[in-house]
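Structure first, then comments.
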Amino acid sequence: MSAASSKEETVDINSKEVLISSDEIKKRVEELGRQISADYQGRELHLVGVLNGAFIFLADLARQLSIPCQICFLQASSYKDKKVSSGEVTLMHNLDLSRKEVLVVEDIVDTGLTLKYILEDLQQQNPESLEICALLSKNIPDKAPVPVKYVGFEIEDRFVVGYGLDFAEKYREVPHIACLD
Ligand code: IMP
């Protein structure tokens with residue numbers, strides 16, 4: 001039985017291919033932190049983490065910033081325990097980002113649909129600036145055209161878990177990025 005067909009089955013994650021090691025992630029997050037700090041020098045940044053997947057990435061990235069920042073979250077869901085997007089994005093938040101310098105922190109860009117919804121939604125609050133930082137971006141042909149300013153790693157079109165990313169709420173605690181397929 002495949003992982004997709006049973007919510008109960010837990011795969012031995014140590015038997016799965018490591019796509020990005022925890023050391024590689026650490027180095028890249030440090031680089032992103034330096035780059036973002038330089039770009040936002042003299043400004044106060046508002047990091048908006050996309051729950052649930054971005055919680056570990058945001059926590060590590062925020063600690064690599066050398067500029068002041070505020071941290072808040074919104075919740076987005078589109079996968080509903082499956083490995084392909086349901087195509088419907090649900091957003092939940094209570095944010096006021098008017099005239100703020102906003103950096104949306106996302107775990108992974110797949111079709112780009114989630115970020116497209118988030119950008120359209122947050123834009124209505126008239127932030128001073130609105131940019132995206134994603135740990136991973138999948139190399140797929142029909143992506144929604146969303147401008148992602150900071151990308152940790154471009155990856156091939158595989159289903160990945162770990163470092164906050166899940167399948168049916170499992171494997172978020174894994175310290176590296178592993179391929180589940
Ligand atoms: P998109 O709307 O297709 O770009 O999907 C974005 C969201 O889907 C991400 O925030 C993740 O929560 C989830 N997602 C997409 N690909 C993967 C994956 O390979 N593993 C785990 N979650 C994924």
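Counting starts at 1 for both ligands and their atoms, in listed order. When a residue number appears, it is its place in the shown sequence, counting from 1.
- Between Val109 and ligand 1, no pair of N/O atoms sits closer than 3.5 Å.
- Short contacts between ligand 1 and Leu113, defined as distances under 4.0 Å to a heavy atom of the residue, involve ligand atoms 2 (O), 4 (O).
- Near Lys138, with a cut-off below 4.0 Å to any heavy atom, the atoms of ligand 1 are 16 (N), 17 (C), 18 (C), 19 (O).
- Inter-residue side-chain proximity for Ile155 and Ile20 is flagged as met; some heavy-atom pair is nearer than 4.5 Å.
- Residue-level proximity to ligand 1 for Asp110 is carried by backbone and side chain together, each with a heavy atom below 4.0 angstrom.
- Between Lys116 and Glu120, at least one side-chain nitrogen of the basic residue sits less than 4.0 Å from a carboxylate oxygen of the acidic one, meeting the salt-bridge criterion.
- At least one side-chain heavy atom of Pro147 sits under 4.5 Å from a side-chain heavy atom of Leu119.
- At a heavy-atom distance under 4.0 Å, only side-chain atoms of Asp107, from C-beta outward, approach ligand 1.
- Contact between Asp166 and ligand 1 is present, with at least one heavy atom of the residue lying under 4.0 Å from the ligand.
- Using bins of under 30°, 30° to 60° and over 60° for the plane-to-plane angle, the ring pair Phe167/Phe159 lands in the perpendicular bin.
- Not a single heavy atom of Val50 sits closer than 4.0 Å to an atom of ligand 1.
- Panel note: side chain Gln125, backbone Leu97; a donor-acceptor pair is recorded below 3.5 Å.
- Taking a 4.0 Å cut-off on heavy atoms, Gly53 fails to register as neighbouring ligand 1.
- Not a single heavy atom of Val161 sits under 4.0 Å from any atom of ligand 1.
- A salt bridge links Glu17 and Arg158; the closest N-O separation between the charged side-chain nitrogens and carboxylate oxygens is under 4.0 Å.
- Residue Glu106 touches ligand 1 through its side chain alone, judged by heavy-atom distances below 4.0 Å.
- Between Arg34 and Glu31 no salt bridge is recorded (no basic side-chain N to carboxylate O distance below 4.0 Å).
- When each atom of ligand 1 is checked for a heavy atom of Thr111 under 4.0 Å away, the hits are 1 (P), 2 (O), 3 (O), 4 (O).
- At distances below 3.5 Å, at least one donor-acceptor pair connects side-chain atoms of Ser37 with backbone N or O atoms of Ser66.
- Residue Arg158 places a heavy atom less than 4.0 Å from ligand 1.
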